[in-house]
Amino acid sequence: QVQLVESGGGFVQAGGSLRLSCADSGSAFSTSAMGWFRQAPGKEREFVAAIKWTGSSTAYADSVEGRFTISRDNAKNMVYLQMNSLKPEDTAVYYCARSPSIFAPTTRDDYNKWGQGTQVTVSS
């Protein structure tokens, strides 16, 4: 069974940085797009970032553009989310997801495998 396991969440002050990691145990990782989503209390799960299977193309939500960077290591079946200049509004549970697409889709319906999530809390 394919498993996505996130790590790296935690508590940080505004302006700080965190790096999230996601380990994918599936065999199709290197030919699949990967994404990060987040869900704050009482809100819908929203797109954060996505990366093409080759790593050559990425997409970001406007709210994180210029502050977050998604990357991947196909040799290790890992995807990362470097988060800089964090704001209190970035507080959420962050989810890693895999898409059957090779591109970098930005909608939830384009992803069919999800991790359990990791909490990120940013204090003001």
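Here Met78 is tied into one hydrophobic group with Tyr80, each link being a pair of ILVMFWY side chains closer than 4.5 Å. Ile102 shares a hydrophobic cluster with Trp53, Phe103; the chain of contacts runs through ILVMFWY side chains whose heavy atoms sit under 4.5 Å apart. Cluster partners of Phe47, using a side-chain heavy-atom cutoff of under 4.5 Å among ILVMFWY residues and allowing indirect links, are Phe37, Val93, Tyr95, Tyr111, Trp114.
Summarising the local packing, CD of Glu89 is surrounded by more than 12 heavy atoms from other residues, nucleotides or ligands at distances under 6.0 Å.
The CG atom of Leu4 lies 7.0 Å from the OG atom of Ser25; values are rounded to the nearest 0.5 Å. Distance check, rounded to the nearest 0.5 Å: OH of Tyr60 to OG1 of Thr69 gives 4.5 Å. Of the inter-residue distances, the one linking Phe11 atom CZ with Leu18 atom CG reads 10.5 Å to the nearest 0.5 angstrom.
A search for side-chain contact (heavy atoms from CB on, under 4.5 Å) contacts involving Thr107 returns Asp110, not counting sequence neighbours. Residues forming a salt bridge (charged side-chain N to carboxylate O under 4.0 Å, His left out) with Arg45 (at least two apart in sequence, or on another chain): none. For Asn74, the side-chain contact (heavy atoms from CB on, under 4.5 Å) test picks out Phe29, Ser30, Arg72, with sequence neighbours left out. Residues that satisfy the side chain to side chain donor-acceptor pair (under 3.5 Å) test with Glu46, not counting sequence neighbours, are Arg38.
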Which atom pairs, one a donor and one an acceptor, fall under 3.5 Å between side chains of residues 117-124 and the rest of the protein, sequence neighbours left out?
residue : atom : partner : partner atom : Å
Thr118  : OG1  : Gly9    : N            : 3.2
Gln119  : NE2  : Ala92   : O            : 3.4
Gln119  : NE2  : Thr121  : OG1          : 3.3

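Residue pairs satisfying the side-chain hydrogen bond (donor to acceptor under 3.5 Å, both in side chains) criterion with at least one member in residues 11-22, sequence neighbours excluded, are listed as follows: Ser17-Asn84. The stretch residues 56-66 participates, sequence neighbours left out, in no salt bridge (charged side-chain N to carboxylate O under 4.0 Å, His left out) pair at all. Residues in residues 19-96 take part in these disulfide (SG to SG under 2.5 Å) pairs, two or more places apart or across chains: Cys22-Cys96. Applying the salt bridge (charged side-chain N to carboxylate O under 4.0 Å, His left out) definition to pairs two or more places apart or across chains, none involves residues 77-87.
Checking side-chain atoms of Arg67 against main-chain N and O of Ser85 turns up a donor-acceptor pair under 3.5 Å. One N or O on the side chain of Asn77 and one on the backbone of Asp24 form a donor-acceptor pair closer than 3.5 Å.
Taking every heavy atom of both residues into account, Ser57 and Ala104 meet most closely at O-CB, 4.3 Å. Considering every non-hydrogen atom in both Met34 and Ile70, the closest pair reads O-CD1, 4.0 Å.
Within the 4.5 Å cutoff, the side chain of Leu20 has no heavy atoms near those of the Glu6 side chain.
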